[in-house]
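Reading through the structure tokens given below for one structure.
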There are 2 protein chains.
Amino acid sequence: MTAATPLVPPTTTADALGRSRTVLANEAWEAALTAHAVLMRRFAEEDVWHGLSMREYDVLYTLSKCERPQRIGELGRHVLLSQPALSRLVDRLVDRRLLTRCADPADARAAHISLTTAGRALQREVGLAHGAAVAQAMTTVLTDEELDLLRTLSLKLAQE
Amino acid sequence: MTAATPLVPPTTTADALGRSRTVLANEAWEAALTAHAVLMRRFAEEDVWHGLSMREYDVLYTLSKCERPQRIGELGRHVLLSQPALSRLVDRLVDRRLLTRCADPADARAAHISLTTAGRALQREVGLAHGAAVAQAMTTVLTDEELDLLRTLSLKLAQE
DNA sequence: CGTTGATAGATGCAAACGCATATAATTGCC
DNA sequence: GGCAATTATATGCGTTTGCATCTATCAACG
């Protein structure tokens, strides 16, 4: 038994990186928040919105991916907005003839929301231009592998 | 020259994954947005905020990382909020004795914002509990390597 | 059936937000 | 030094938001 035998405990990955697991998590979250803010700001100032707010577009986009009409509650799961705020946002889009509310024969409480033809057309138009801006912003700094990795990590985070 | 020579163009990584680079970027962004929304909602409903909104905490946190007092404009770079909204948010926090405004001798336009003792104490208290919630949420679904990767990808996205 | 509790969505209201613009101070250029 | 352009922040105002609460409907159980 030599005095040179290393007696330090085996390092974890976090130790090897010089940070605790908690710090690692918080640094990752802070970086993600910053990236979110930077990109949201950049996308918001693109001239592609045709009078929609990003939240309004978010609702149109969510509906565009759905085959069947959605309830307010369902939409709420995809949009970071309180139920009353979402309810009124839908009101406004209905007033603008971009959405329709129709009754559910099986549940009189529910409001089924769906895109009008105009709503779908507007979503497509905005989506095309916005999607191009998203691609532009992300592909200039990330490789294909990194984009795929970001998607994978994000899906893990979003899972319950 | 044989007829068996493959004449298809070399596949890119995106082709190999079966998606175009644009689609890849948009899928990554959508997943990131979803993760952001899911986690924000979860963090917001944690009972750690002591009467602060998350945006207000964001300002206290940003200031807590700075040695010197910051201008409104500097804070604005870190917070996803319009300049007037930030100006009034600071007003409210000053009214609550969590921040102080002091004049800049070299530039009478500028408002130097800094934490009061109470503001710093509140940030620490909230930060401790919130940081724990962040760590909890992220470490249960991501490994250390993945956390570090997320941080790296996010920093790349936020650059420029 | 009828009452109780849960669920979907709407509404009252005060607080907070964004846009446009005002105010005030600085910089640059003649 | 004086005037235009720019920068930093504040304010007016209409819109949107969140919280609390309300209404209406459904589900479940005696």
Side-chain angles (χ1 to χ4, degrees), chain A residues 37 40-47 49-60 62-63 66 68-96 98-114, chain B residues 37 40-47 49-60 62-63 66 68-96 98-114:
Chain A
M40 286 296 278
R41 218 193 294 267
R42 192 178 311 168
F43 296 149
E45 68 196 15
E46 296 269 340
D47 187 24
W49 299 106
H50 291 263
L52 292 172
S53 71
M54 287 182 82
R55 281 170 167 175
E56 288 166 344
Y57 173 72
D58 200 359
V59 169
L60 297 191
T62 300
L63 282 167
C66 301
R68 6 193 75 269
Q70 296 289 294
R71 304 175 152 220
I72 297 261
E74 291 298 322
L75 292 176
R77 267 184 268 287
H78 297 280
V79 178
L80 190 52
L81 208 54
S82 69
Q83 175 267 314
L86 179 55
S87 185
R88 280 190 257 240
L89 188 156
V90 167
D91 281 346
R92 277 174 260 139
L93 294 178
V94 169
D95 289 345
R96 288 160 70 176
L98 299 171
L99 302 183
T100 53
R101 257 182 239 268
C102 60
D104 180 344
D107 184 347
R109 295 169 303 177
H112 280 193
I113 313 295
S114 54
Chain B
M40 286 298 278
R41 218 192 295 268
R42 193 178 310 168
F43 295 149
E45 68 196 14
E46 295 269 339
D47 188 25
W49 299 107
H50 291 263
L52 291 173
S53 70
M54 286 181 82
R55 282 168 166 176
E56 288 166 344
Y57 172 73
D58 200 0
V59 168
L60 296 192
T62 301
L63 282 167
C66 302
R68 6 193 75 273
Q70 297 288 296
R71 305 175 152 220
I72 297 260
E74 291 299 322
L75 292 176
R77 265 182 269 287
H78 297 279
V79 178
L80 189 53
L81 207 54
S82 69
Q83 174 269 314
L86 179 54
S87 184
R88 281 190 256 239
L89 188 157
V90 166
D91 280 347
R92 276 174 262 140
L93 294 178
V94 168
D95 288 347
R96 288 159 70 176
L98 298 171
L99 301 183
T100 54
R101 256 183 240 267
C102 60
D104 180 344
D107 184 348
R109 295 169 304 177
H112 280 192
I113 314 295
S114 54

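Letters go in sequence order (proteins before strands), and every chain restarts at 1.
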So [X], base contact, sugar-phosphate only, or nothing? Heavy-atom distance under 4.0 Å.
| X | result |
| --- | --- |
| Arg55(A) | sugar-phosphate |
| Arg92(B) | sugar-phosphate |
| Ala103(B) | nothing |

Which heavy atom of His112(B) sits nearest to which heavy atom of Pro69(B), and what is that distance? CB-CB, 3.8 Å

Heavy atoms only: give me the nearest Leu81(A)-Arg41(B) pair and the separation to one decimal. O-NH1, 4.2 Å

5'-most by nearest nucleotide on DNA chain D - Arg88(B) or Gln70(B): Gln70(B)

Asp107(A) vs Ala85(A), nearer the 5' end of DNA chain D by closest nucleotide: Ala85(A)

Going 5' to 3' on DNA chain C, which nucleotide is the first and which the last to come under 4.0 Å of a heavy atom in chain B? dA16(C) to dT26(C)

Is there a donor on the side chain of Arg109(B) or the base of dT9(D) sitting less than 3.5 Å from an acceptor on the other? no

Taking [X] for the side chain and [Y] for the main chain, is one N or O donor matched with an acceptor at less than 3.5 Å?
| X | Y | result |
| --- | --- | --- |
| Glu45(B) | Phe43(B) | no |
| Glu56(B) | Ser53(B) | yes |
| Ser87(A) | Gln83(A) | no |

Show, in sequence, the C-alpha distance, side-chain angles and deciding distance for Leu93(B) and Leu52(B), and conclude whether the side-chain contact (heavy atoms from CB on, under 4.5 Å) test is met. CA-CA 9 Å; Leu93(B) 294 178; Leu52(B) 291 173; 4.2 Å; yes

DNA chain C nearest-nucleotide lookup for Gln83(A) and Leu86(B): closer to the 5′ end is Gln83(A)

Rounded to whole angstroms, how far apart are [atom1] on [X] and [atom2] on [N]?
| X | N | atom1 | atom2 | value |
| --- | --- | --- | --- | --- |
| Glu74(B) | dT7(D) | CD | P | 14 Å |
| Ile72(A) | dG18(D) | CD1 | P | 14 Å |
| Leu81(A) | dT15(D) | CG | C1' | 14 Å |
| Arg71(B) | dA10(D) | CZ | C1' | 15 Å |
| Asp95(A) | dT16(D) | CG | C1' | 14 Å |
| Glu56(B) | dT17(D) | CD | P | 18 Å |

Distance check: side-chain N/O of Ser87(B) vs OP1/OP2 of dT9(D), anything under 4.0 Å? no

Rounded to the nearest 0.5 Å, what separates atom CG in Leu98(A) from atom CG in Leu63(A)? 11.0 Å

dC19(D), dT9(D), dT17(D): which one has an atom nearest the side-chain heavy atoms of Leu89(A)? dT17(D)

